[in-house]
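Residues take their numbers from the sequence shown, with the count starting at 1.
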Amino acid sequence: MNRIAVLCLAVSSFMAAQQQMSLLECEEAFQKNNLQLLAEQYNINMADADILQAKIWELPQLSGQFNAYNPQDKKFFDIGHSKGAGITQLIYMGGKKKNEIAFAKSNKELAQLQFSQLLVDLRAQLRTAYFNLYYEKLKLENTDKQLEYMNDLLSAYRVQSAKGNVSLKDAVRLQSLVIQLNHDKLEINKNILGFEQNLKVLTGISEDIEPLIPESEAKEALGAQPFGGEEELKSKALENNADYRYNLKLIDNSKLYAQWQKSLNVPDLNVGAAWDQAGGTFNNEANLTLGIPLPLWRANQGNVEKANYAIQQNQKNADFQKLTLETKVQAAYKTWKAQYDQLLDIKTTDLQNMDLVYNGMMTNFRKGNVNLIEFTDFMDSYRETALQIYDMKNEIMQAAEQLNQLVQTKIFY
């Protein structure tokens with residue numbers, strides 16, 4: 001009784017450690033819990049702080065003067081007869097503050113685009129891992145079904161071989177097929193562990209995630225077609241891809257920076273007011289003070305030239321990114337099309353016939369209508385074909401996700 005209780009407890013603990021989740025639920029958990037995404041958000045917050053800082057002016061300066069020594073009365077710190085005070089404020093000229101604020105706002109837009117691209121990349125990783133795990137689980141289920149039967153058959157042949165009723169060669173043949181199935185299962189389980197780990201990191205969920213995709217939804221996803229052809233997908237990618245838009249925005253950003261650096265060559269004005277008790281022409285004299293640097297040379301010319309070179313550099317980088325993006329979209333579309341056409345060649349009736357033949361071979365082998373060599377040859381072929389079909393389906397989904405990642409707008413309908 002105790003053993004049964006322990007077994008039930010172990011099973012319940014194993015089930016509790018797994019969580020069935022749809023793809024939508026995984027994406028919701030990802031947006032809520034992903035630490036990379038949460039950390040990247042702070043770059044936008046810091047950009048807001050930079051805008052706030054850019055709007056702040058220099059503090060006014062208050063100055064005072066007091067007598068240190070009165071030579072007439074030979075008295076130190078004769079403050080009662082000689083003192084003065086003044087206040088000055090730096091006035092920015094040439095639109096410096098406006099340009100600095102515009103540059104800071106442009107930096108925020110760049111931070112937002114970086115966040116958008118990270119969101120797209122991480123979501124693509126999530127969906128890729130989810131579909132990988134889904135099809136690996138199907139492969140495991142199929143392999144376990146074959147293993148269950150083949151292990152029972154091998155056990156029976158071992159008994160009969162020991163009695164001399166069947167040859168040892170037949171038992172070894174079965175053993176070879178079982179070893180291959182176990183090897184497949186080991187590889188599948190290793191892949192599952194890797195995909196489960198990725199999903200845990202991406203979603204922030206500590207339990208193993210069990211993909212929950214209805215069969216009808218899986219078929220619908222496999223049959224989805226992109227809206228438009230290769231050229232239209234390229235056009236949409238250039239319009240929506242955050243990484244490419246970032247490079248375009250970087251050109252505008254460098255132009256704003258160059259404009260800001262040029263404005264720094266314009267001298268600023270110091271405006272102030274001063275009061276002097278007795279040191280001026282009049283007692284209790286109030287004066288207006290003005291100060292401006294002499295623009296004998298352009299003090300910021302080096303930074304201006306550097307900023308102009310940055311504009312040209314960013315323009316070349318944007319051209320490169322455009323070419324790269326178009327090439328990637330073209331390759332991703334061709335990959336998806338090839339995978340889709342390959343699976344399309346395998347008709348639904350062919351898959352149904354394969355299962356019918358599988359069940360027929362099992363039945364006929366039990367009845368003795370099929371010999372062991374024919375049976376094991378078929379089983380080995382069926383094993384490879386079943387794994388390949390699951391891989392083909394998965395590769396279609398991976399190719400579609402790559403297109404989604406590049407185009408970054410809804411393209412499958």
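One side chain, Gln398 or Asn132, offers a donor N or O that lies under 3.5 Å from an acceptor on the other. In the model, Asn99 has a side-chain atom that pairs as donor or acceptor with a side-chain atom of Ser263 under 3.5 Å. Remark: the Asn317 side chain and the Gln321 side chain contain no N/O donor-acceptor pair separated by less than 3.5 Å. For Ser167 and Asp170, the side-chain atoms include at least one donor-acceptor pair closer than 3.5 Å. The closest side-chain donor-acceptor pair between Gln117 and Asp243, if any, does not fall under 3.5 angstrom. Asn394 and Asp391 share no side-chain donor-acceptor pair at under 3.5 Å.
Using a cutoff of 4.0 Å between basic side-chain nitrogens and carboxylate oxygens, Lys108 and Asp50 are not scored as salt-bridged. Under the 4.0 Å criterion applied to side-chain N and carboxylate O atoms, Lys236 and Glu239 are not assigned as salt-bridge partners. The pair Glu27-Arg127 meets the salt-bridge criterion, since a charged nitrogen lies less than 4.0 angstrom from a carboxylate oxygen. Classification of Lys249 and Glu109 as a salt-bridged pair holds, one side-chain N sitting under 4.0 Å from a carboxylate O. The residues Lys137 and Glu210 are annotated as salt-bridged, a charged nitrogen and a carboxylate oxygen being separated by less than 4.0 angstrom. Look at Arg383 and Asp380 and you find a salt bridge, because one of the NZ, NE, NH1 or NH2 atoms lies within 4.0 Å of a carboxylate O, short of that distance.
Relative ring orientation between Trp336 and Tyr340 is described as parallel, the plane-to-plane angle staying below 30° on a 0-90° scale split at 30° and 60°.
The shortest distance between side-chain heavy atoms of Leu233 and Leu403 falls below 4.5 Å. Looking only at side-chain heavy atoms (C-beta outward), Leu199 and Glu196 stay at 4.5 Å or farther from each other. At least one side-chain heavy atom of Tyr92 sits under 4.5 Å from a side-chain heavy atom of Glu58.
Under a cutoff of 6.0 Å and an axis angle of 45°, Lys139 and Tyr390 do not form a cation-pi pair.
Legend: ring pair (Phe, Tyr, Trp, His ring centres under 6.0 Å) pairs involving residues 130-151, not counting sequence neighbours: none detected.
Listed for the Asn34 side chain is a donor-acceptor partner under 3.5 Å among the backbone atoms of Leu202.
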